[in-house]
Amino acid sequence: MALRLYNSLTRRVEPFTPADPERATMYLCGPTVYSFVHIGNARGPVVFDVLVRLLRRKYRLVYARNITDVDDKINAAAAEAGVPIADIAAKYAAIYREDMARLGVAPPDIEPLATGHITPIIEMCENLIASGHAYAADGHVLFDVARFGDYGKLSGRSVDELIAGARIDVAPYKKNPADFVLWKPSTPELPGWDSPWGRGRPGWHIECSAMAAAHLGETIDIHAGGVDLVFPHHENEIAQSTCAHAGKTFARFWLHNGMLTFDGAKMSKSVGNVKQLHALLQRHPPEALRYALLSAHYRQPLDWSEALIEQSVATLDRLYGALRDLEDVDVLPADERPDIESHEAVKELEAALLNDLNTPEALVALAKLAFQARQGSRDDKRIAKAALLAGGAKLGLLQQAPESWFKRGSERVDAAQVETLIEARRAARAARDFARADAIRDELAAMGVAIEDGPQGTRWKIAN
RNA sequence: GGCCAGGUGGCAGAGUGGUCAUGCAGUGGACUGCAAAUCCACGUACGCCGGUUCGAUUCCGACCCUGGCCUCCA
C-alpha cells in the first residue's frame, strides 16, 4: 500500500513518492523563538512527526525544521528584557527543543537558523533583482508579484484581487500593494547585516526559501506548516523560490495542519486564548498531550480542553494497562519474531497512516492491539505485545515502561511508605480484618495512590 | 465582501450509498470480602429542507450555523 497525502496545491489526495526514490526531503516551518510556544504550535510538529517516522521507514529522509531567530517580535522581547537579541532566541529555542522532546517529537535532521543563512538570503535577493522579479527601493528589497504569473495559486486568490483589496496602508516604495519585503533596513539598535542595500535584515518569508534550498535542494518533496501560513507565507515562499530557481517547482507537496481552537476560536497569541505548551507539560503527562493532538485528523480543527486531556489520559491508562499486564511476557528477539508488520491490526494501523495520516483511525487499531494483547495464549501474547509496541512506535506512543506511566509524578509520594501500607493491608486482609484493610486503602487514596488487587498481589499507581 | 474547511450519539472523533466505527464517560452483569483492573451487554448519531435512488448520514441543490485565511500567526 502506498502513501497518499492531501496536497494543498492540488486540493486532492495524491499518491506520494519522492522525486528521488532514494532520498525524500521535507521542510517544516518552525517557531519564531521570542517566547513560549502554545499547544497549538505543537500540533504541526507532532502530526508531522508521525509522517517523519513513516517516511523514515520507507526512504532515506532529510528533514529540516527551521528556527526563526531574527524577527521584530524577538527584537521587542529583547528590548523589554534588556538583553541581547541572541539571548532571547537561544533561551526560547532551547526550551522549544526540550518541550518537543518531551512530546516525543524526533529531532529534525537539520535545524537551520535564519541568522546562519544571511549570505544565501542576500544572494537570493540579488538573484531575484537580476532576473527582474524583485526591486530595491528605499533600503528595501521587494518582490514584484506582478512578475510571477502563478502568484496566488496555492492560496486560491488572484493578484488583481489582492491589489484591489489591500486593507493596510501601502508603503510608498512599493510598486504594487501586494509586493512583499525580502530585505528591510535596520536601525542601529536592531540586528542587521551589511548588504548591497545598506545595513538590514531579512524579511520573514525569504529565510525559509533560502534555507530549504541550501539544505534540501531547489525542489523539495514536502513542505509542511499550519494552514494559517498558506497565505501569505507559503505563497510568498513559492514566488521567491520558483523565480530564484528559473521556474523549478519549489515544493511538490504542500501539507497543512488545521488549527487548534480554544473557547471556540483559533488559539492565538493575538487573541489571547492560548495554553502554553511549557505550562501544560508541567501539569499533564506529555504523552497525553501528544495523544490528544493525534486524536483528530491533522487537517481538521481540534478543540482543546481539559476534558480532552483527561480523556487522553484515561485512554492511555488502558493502553498501558495492557502492557503492564504483559510485563512478564517476553517480546521475542527481532530475528525470532514472526513478521509484526503482517499482523492484522498493525497492517490496519499502517494503512490508516498511509491514508493521509489518519491518526484517529490508527488509534482505533492501537486500541484493538491492546485488547488483543490481553487475550489468547502465552505465545499469542508475545506476538501481541510486540505488535502493540510496534504500533505505538509508529505513532510515537507507548514507548515508556508501563510502571513509569502509572507512577508518573510519584516523587510526591514515599514509595517505601506505600509498600509498607500495602503490606499492612495484605496482613489485615489475610486476617479478614476488612475494616482495617479498607481504612488503609483510604489512607493510600488520600496520598493520591490507587491500588489494584490482582492474582500476583497488589499493585499501585498514581491516581488520576 | 472574496476564498476555503466543517456541522456525526453525553464528550472526543473516523467512516460509508444498503449488518459494526472506535475511545472516554454512563448503565446493567460477571469477577472481587468490598473495590480497582479486566471481560460481557446496552443506548435506534449523522444541522435543516428538497432532489437523485429500490434505498442517503454518505451523491446533488438551496438554506441555517460554526471555524479559518484575506494583517503577525502552527
Side-chain angles (χ1 to χ4, degrees), chain A residues 8 11 28-32 34 37-48 65 71-73 152 155-158 161-162 164-169 178 204 224-235 256-261 264-271 274 277 291-305 307-319 321-322 324-325 348 352 355 358-368 370-371 374-375 406 428-429 432-435 437-438 441-442 445 450-455 458-461 463:
Chain A
S8 302
R11 294 156 212 266
L28 174 66
C29 288
T32 300
Y34 67 100
V37 298
H38 59 72
I39 183 71
N41 294 304
R43 189 178 192 189
V46 167
V47 299
F48 295 126
R65 186 186 67 206
D71 173 270
D72 288 345
K73 287 178 178 170
S155 56
R157 51 201 86 195
S158 74
E161 279 170 19
L162 288 165
R167 300 197 319 200
I168 47 175
D169 292 338
W204 172 38
V227 71
D228 55 349
L229 296 185
V230 170
F231 189 90
H233 186 53
H234 290 163
E235 195 71 72
H256 291 104
N257 62 276
M259 297 292 100
L260 220 62
T261 59
K266 172 187 168 184
M267 191 180 286
S268 153
K269 279 177 185 156
S270 50
V271 177
V274 299
L277 172 61
Y291 188 100
L293 290 173
L294 295 176
S295 68
H297 183 82
Y298 77 96
R299 286 192 280 114
Q300 295 300 122
L302 173 60
D303 191 50
W304 192 258
S305 65
L308 179 67
I309 303 172
E310 284 161 21
Q311 204 166 284
S312 302
V313 169
T315 305
L316 283 166
D317 271 343
R318 188 177 166 81
L319 297 174
R324 185 180 54 178
D325 285 348
E348 285 172 22
N355 181 22
N358 194 332
T359 53
E361 213 165 76
L363 291 172
V364 167
L366 200 64
K368 192 183 278 188
F371 175 77
R374 296 201 215 246
Q375 317 295 125
F406 285 112
R429 291 177 73 214
R432 302 195 66 76
D433 181 356
F434 296 120
D438 290 350
R441 183 165 57 200
D442 290 346
I451 57 171
E452 295 169 19
D453 297 326
T458 299
R459 59 193 180 188
W460 64 278
K461 64 174 185 175

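Per chain, numbering begins at 1; letters A, B, ... match sequence-line order.
- Between the side chain of Glu361(A) and the backbone N or O of Ala352(A), no donor-acceptor pair lies under 3.5 Å.
- Counting non-hydrogen atoms under 4.0 angstrom, Gly226(A) reaches the backbone sugars and phosphates but no base.
- With rounding to the nearest 0.5 Å, the separation of OG1 in Thr458(A) from CZ in Arg429(A) is 5.5 Å.
- Side-chain N/O atoms of Lys368(A) include none lying less than 4.0 angstrom from OP1 or OP2 on A21(B).
- Residue Leu260(A) forms a side-chain contact (heavy atoms from CB on, under 4.5 Å) with just one option from Ile39(A), Asp303(A), Asn41(A), Val274(A), and that option is Ile39(A).
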Hey, what are the protein-to-nucleotides 33-36 of chain B N/O distances that come in under 3.5 Å?
residue: G33(B); atom: O6; partner: Arg425(A); partner atom: NH2; Å: 3.4
residue: G33(B); atom: O6; partner: Arg429(A); partner atom: NE; Å: 3.2
residue: G33(B); atom: N1; partner: Asp438(A); partner atom: OD1; Å: 2.9
residue: G33(B); atom: N2; partner: Asp438(A); partner atom: OD1; Å: 3.3
residue: G33(B); atom: N2; partner: Asp438(A); partner atom: OD2; Å: 2.6
residue: C34(B); atom: O2; partner: Arg441(A); partner atom: NH1; Å: 3.3
residue: C34(B); atom: O2; partner: Arg441(A); partner atom: NH2; Å: 2.2
residue: C34(B); atom: N3; partner: Arg441(A); partner atom: NH1; Å: 3.0
residue: C34(B); atom: N4; partner: Asp453(A); partner atom: OD2; Å: 3.1
residue: A35(B); atom: N6; partner: Asp453(A); partner atom: O; Å: 3.3
residue: A35(B); atom: N1; partner: Asp453(A); partner atom: N; Å: 2.9
residue: A35(B); atom: N1; partner: Asp453(A); partner atom: OD2; Å: 3.4
residue: A35(B); atom: N3; partner: Arg441(A); partner atom: NH1; Å: 3.1
residue: A36(B); atom: N1; partner: Asp453(A); partner atom: O; Å: 3.2

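- Rounded to a whole angstrom, the distance from the C1' atom of G9(B) to that of C20(B) is 15 Å.
- Taking atom NZ of residue Lys73(A) and atom C1' of nucleotide C72(B), one finds them 4 Å apart after rounding to whole Å.
- Atoms CG (Leu363(A)) and C1' (A12(B)) sit 11 Å apart, rounded to a whole Å.
- Remark: the separation of the P atoms in G29(B) and G6(B) is 44 Å, to the nearest Å.
- Taking CG of Leu308(A) as the start and CG of Leu293(A) as the end, the distance is 8.0 Å to the nearest 0.5 Å.
- Residue contacts shown for Gly321(A) are absent, as no nucleic acid heavy atom lies under 4.0 Å away.
- Between the CH2 atom of Trp460(A) and the CD atom of Glu452(A) there is a distance of 12.5 Å, given to the nearest 0.5 Å.
- When rounded to the nearest whole Å, the span between CG of Leu316(A) and C1' of A12(B) equals 14 Å.
- Atom CZ in Arg43(A) sits about 14 Å away from atom P in G68(B), given to the nearest Å.
- Of the two residues near RNA chain B, Phe231(A) and Met267(A), the one whose nearest nucleotide lies more 5' is Phe231(A).
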Using a cut-off of under 3.5 Å, enumerate the N/O to N/O pairs linking the protein to nucleotides 23-26 of chain B.
residue: G23(B); atom: O2'; partner: Thr315(A); partner atom: OG1; Å: 2.7
residue: G23(B); atom: N2; partner: Gln311(A); partner atom: OE1; Å: 3.4
residue: G23(B); atom: N2; partner: Gln311(A); partner atom: NE2; Å: 2.6
residue: C24(B); atom: OP1; partner: Arg318(A); partner atom: NE; Å: 3.4

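- Applying the ring-ring contact (aromatic ring centres under 6.0 Å, His included) rule to His256(A) yields the partners His234(A); only residues at least two apart in sequence or on another chain are considered.
- In this structure, Ser305(A) has no side chain to side chain donor-acceptor pair (under 3.5 Å) partners at least two apart in sequence or on a different chain.
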Worksheet item: Would Thr315(A) and Leu363(A) satisfy side-chain contact (heavy atoms from CB on, under 4.5 Å), going step by step from the backbone distance to the final call?
Response: CA-CA 10 Å; Thr315(A) 305; Leu363(A) 291 172; over 6 Å; no
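- The nearest whole Å value for the distance from the CZ atom in Phe371(A) to the P atom in U22(B) is 11 Å.
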Worksheet item: Asp317(A) and Phe406(A): side-chain contact (heavy atoms from CB on, under 4.5 Å), yes or no, with the steps?
Response: CA-CA 8 Å; Asp317(A) 271 343; Phe406(A) 285 112; 3.6 Å; yes
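- Taking CE from Met267(A) and CH2 from Trp304(A), the interatomic distance works out to 7.5 Å, rounded to the nearest 0.5 Å.
- Between A37(B) and A74(B), the distance separating the two P atoms is 40 Å to the nearest Å.
- Between the CG atom of Asp71(A) and the P atom of C72(B) there is a distance of 11 Å, rounded to whole Å.
- For Arg157(A), whose side chain is taken as the heavy atoms from C-beta onward, the closest listed nucleotide among A74(B), C70(B), C72(B) is C70(B).
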Worksheet, complete the sentence: A correct dot-bracket answer for RNA chain B, with pairs being Watson-Crick or G-U at under 3.5 Å, [ ] for crossing pairs and | for inter-strand pairs, is (((((((..(((.....[...))).(((((.......)))))....(.(((..]....))).))))))))....
Would you tabulate the nitrogen or oxygen pairs shorter than 3.5 Å linking the protein to nucleotides 13-17 of chain B?
residue: A14(B); atom: OP1; partner: His297(A); partner atom: N; Å: 2.7
residue: A14(B); atom: O3'; partner: Asn358(A); partner atom: ND2; Å: 3.1
residue: A14(B); atom: O2'; partner: Glu361(A); partner atom: OE2; Å: 2.8
residue: G15(B); atom: OP1; partner: Asn358(A); partner atom: ND2; Å: 3.2

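- With both ends at atom P, the span from G7(B) to U57(B) equals 15 Å, rounded to whole Å.
- Across all strands, Phe406(A) comes closer than 4.0 Å to no nucleic acid atom at all (heavy-atom distances).
- Distance, Leu277(A) CG to A74(B) P: 13 Å, rounded to whole Å.
- Remark: Thr359(A) OG1 to His297(A) NE2 distance equals 7.5 Å, nearest 0.5 Å.
- The side chain of Lys266(A) has A74(B) as its nearest neighbour among C4(B), C39(B), A74(B).
- Between His256(A) atom NE2 and A5(B) atom C1' the separation is 14 Å, expressed in whole Å.
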